[in-house]
K.L.:
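Before anything else, here's the structure in question.
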Amino acid sequence: MCGLPLIMDPNIIAGPSVERAEDAGVYKLSDELALVQSVDFFTPIVDDPFVFGQIAAANALSDLYAMGARPLSALNIMAFPVAKMDISVFRAVVLGGLDKIHEAGAVLLGGHSIDDPEMKYGLAVTGLAHPEKIVFNSSAQIGDKIVLTKPIGTGIVSTAVKRGAASEAQAKTVAETMATLNKSAAEAMLKVGASACTDVTGFGLVGHLCEMMSDERFGIRLEFGSIPFFEGALEFVKAKIAPGGLFRNRKFYSERLLVQGEFSKDDLKLLFDPQTSGGLLIAVSGPRCESLLAELEAANVGTFAVIGEVIAEPVSKVVLA
Ligand code: CO
């Protein structure tokens, strides 16, 4: 956020005055305690208002999990067309959000609503962490394995659902996955100890891998065959079903992707698909990787896979093999 007249404060561990783009802001309260804060909200991406509330809340809370923080409290952010929408719809959205806030072990402290022609919902979230145990997104080490904890393709499959091209089962799977908290995955990560973490959201898999490389110290080798994708995602892309954000991400990040091997244009599109409430991307040392996979398994994290590794060169590139 260059150009902002920001106050420098030594207690700011992550924020716009610190030279790193993190998932959440971090403010040190004491040597043992840091405040971790984030906010996100958006327009409905599924028809069911309760499920939309669940997804929006899981998505907002995800940035706390990516930093290794424990969610403490949340505030509702609500925009609602008062004149033309039934208040029960909005109540269902808020109940969906509350369901996930409680599942996270956090509490709702309040919120604010405005009249708006287009419904929007999300949360401002606050979590706690030990200042020395914050998991940053760019602190991976060469040789680390990269583990992903949800399948890729929510943008593509959600677009297919909107166009009536997806089956009921596909629609259900993608909605349930987006509504799943990254809580268990984050707990497994904290148990084992990770070198870096972020969550996959709007910039897609490649975009968020690039975020992990923002210190320009290493590259990441990505194993296409190991990446979990939603069933149907590739078929939808082949049928020209894709969200606009995918092409924006491709335009922005494609020069960072070095393709070594035979991949079709459609294969590559999957890597730029913007995710809503995506999984965690965890960088973990080789020796700790097995323990992490065992912890993810024990915690019933549905889908997870080692999708790549941190390499010395080429720096700041995703090498696709
Ligand atoms: Co994030």
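In this text, all values refer to a predicted model and were calculated from it rather than measured experimentally. Numbering of ligands and ligand atoms starts at 1, following listing order.
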K.L.:
If you round to the nearest 0.5 Å, how far is CG of L128 from CG of L29?
P.N.:
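Output value for this atom pair is 7.5 Å.
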K.L.:
Report, as yes or no, whether the 6.0 Å neighbourhood of atom CZ on F203 holds more than 12 heavy atoms from other residues, nucleotides or ligands.
P.N.:
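Not buried by this count: 12 neighbours or fewer within 6.0 Å.
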K.L.:
Are side-chain N/O atoms of D86 and S88 paired as donor and acceptor at under 3.5 Å?
P.N.:
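Yes, because at least one side-chain N or O of D86 sits under 3.5 Å from a partner of the opposite role on S88.
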K.L.:
Side-chain contact test, heavy atoms from C-beta onward, threshold under 4.5 Å: evaluate it for M119 versus T43 and give yes or no.
P.N.:
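Result no, sub-4.5 Å side-chain heavy-atom pair not found.
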K.L.:
Return all protein N, O or S atoms below 2.8 Å from the Co ion (ligand 1), chain by chain in residue order.
P.N.:
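As for protein N, O or S atoms lying under 2.8 Å from the Co ion (ligand 1), they are D23 OD1, D63 OD1, D199 OD1.
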K.L.:
Step by step, work out the side-chain contact (heavy atoms from CB on, under 4.5 Å) result for L95 and F50.
P.N.:
CA-CA 6 Å; L95 282 174; F50 184 83; 3.9 Å; yes
K.L.:
Which heavy atom of V310 sits nearest to which heavy atom of I146, and what is that distance?
P.N.:
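Reported closest heavy-atom pair: CG2-CD1, 3.8 Å.
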